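This report refers to the structure that appears directly beneath it.
We count ligands from 1, going down the list as the structure has it; atoms in each ligand are counted the same way. Quick note: numbers below take in every heavy atom, side chains included, and nothing from hydrogens, waters or symmetry partners. Please read all numbers here as calculations on a predicted model, not as lab measurements.
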Amino acid sequence: MDNSNPVKKAILGFNSALFCRCRSCPTYPGKNDPRVYCERGKSPLEIKRVSCLCPTCLVWKVNGFKETFYCDTGKDPKSRI
Ligand code: SF4
Ligand code: SF4
């Protein structure tokens, strides 16, 4: 797949936000932070790790991601965007 197309990037990001579980996660920093950290990169806010819901998320499963706490560490190496 062509990863350089900005339209595809926008669509992928939009779909992921529908399924992202971060808002229900005890580690989520709040303040309307945009989430989908696995694809968009880490949060600019301070993260206090509690637990991570990513392994229960459809985006995580569909992409075959293996990591957790993307809000703290940044996007998955397999991220398409
Ligand atoms: S894998 Fe985690 S960061 Fe990515 S969309 Fe799902 S809950 Fe959000
Ligand atoms: S990336 Fe994981 S730990 Fe961070 S807010 Fe999302 S589900 Fe929670």
Is it true that a side-chain atom of [X] and a backbone atom of [Y] form a donor plus acceptor pair closer than 3.5 Å?
X     : Y     : result
Asp33 : Pro29 : no
Arg35 : Cys71 : no
Thr27 : Val50 : yes

Review point. Against heavy atoms of Tyr37, which atoms of ligand 1 measure under 4.0 Å?
Key: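 Going through ligand 1 atom by atom, the ones under 4.0 Å from Tyr37 are 3 (S).
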
Review point. Can you list the atoms of ligand 1 that are under 4.0 Å from a heavy atom of Cys22?
Key: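 Near Cys22, the atoms of ligand 1 are 3 (S), 7 (S), 8 (Fe).
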
Give the atom numbers and elements of ligand 2 that come within less than 4.0 Å of a heavy atom of [X].
X     : value
Tyr70 : 1 (S)
Phe69 : 3 (S)
Ser51 : 3 (S)

Identify the closest protein heavy atom to [atom]: which residue and atom is it, and at what distance?
atom                    : result
atom 2 (Fe) of ligand 2 : Cys52 SG, 2.4 Å
atom 6 (Fe) of ligand 1 : Cys57 SG, 2.4 Å
atom 4 (Fe) of ligand 1 : Cys38 SG, 2.3 Å
atom 7 (S) of ligand 2  : Leu53 N, 3.3 Å
atom 8 (Fe) of ligand 2 : Cys25 SG, 2.3 Å

Exercise for review: Look up atom CG in Leu53 and atom SG in Cys20, then write down how far apart they are to the nearest 0.5 Å.
Suggested key: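 That separation rounds to 9.0 Å.
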
Review point. OG/Ser43 to OH/Tyr28 distance, rounded to the nearest 0.5 angstrom?
Key: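 If we round to the nearest 0.5 Å, Ser43:OG and Tyr28:OH are 8.0 Å apart.
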
Check your understanding: Between the side chains of Tyr70 and Asp76, is a donor N or O closer than 3.5 angstrom to an acceptor N or O?
Key ->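 The criterion, which ignores hydrogens and geometry beyond distance, is satisfied for Asp76 and Tyr70.
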
Exercise for review: Specify the closest pair of heavy atoms between Ala17 and Arg40, including all atoms of both residues, with the distance to one decimal.
Suggested key: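 Reported closest heavy-atom pair: CB-NH2, 4.1 Å.
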
Exercise for review: Locate the shortest heavy-atom distance separating Tyr37 from Lys42; write the atom from each residue and the value.
Suggested key: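 The pair with the smallest heavy-atom distance is CD2-C, 4.1 Å.
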
Practice item. Quick one: look at Pro26 and ligand 2, take heavy-atom pairs under 4.0 Å, and tell me if it's side chain, backbone, both or neither. Key: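 Neither part.
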
**Study point:** Any Ser43 heavy atom less than 4.0 Å to ligand 2
**Key:**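 Flag not set, Ser43 not near ligand 2.
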
**Study point:** Intermediate values then yes/no, side chain to side chain donor-acceptor pair (under 3.5 Å), Glu39 and Ser16
**Key:** CA-CA 8 Å; Glu39 292 187 323; Ser16 298; 2.5 Å; yes

Check your understanding: Is the distance from atom 2 (Fe) of ligand 1 to the nearest N/O/S atom of Cys54 under 2.8 Å?
Key ->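 A backbone or side-chain N, O or S atom of Cys54 is under 2.8 Å from atom 2 (Fe) of ligand 1.
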
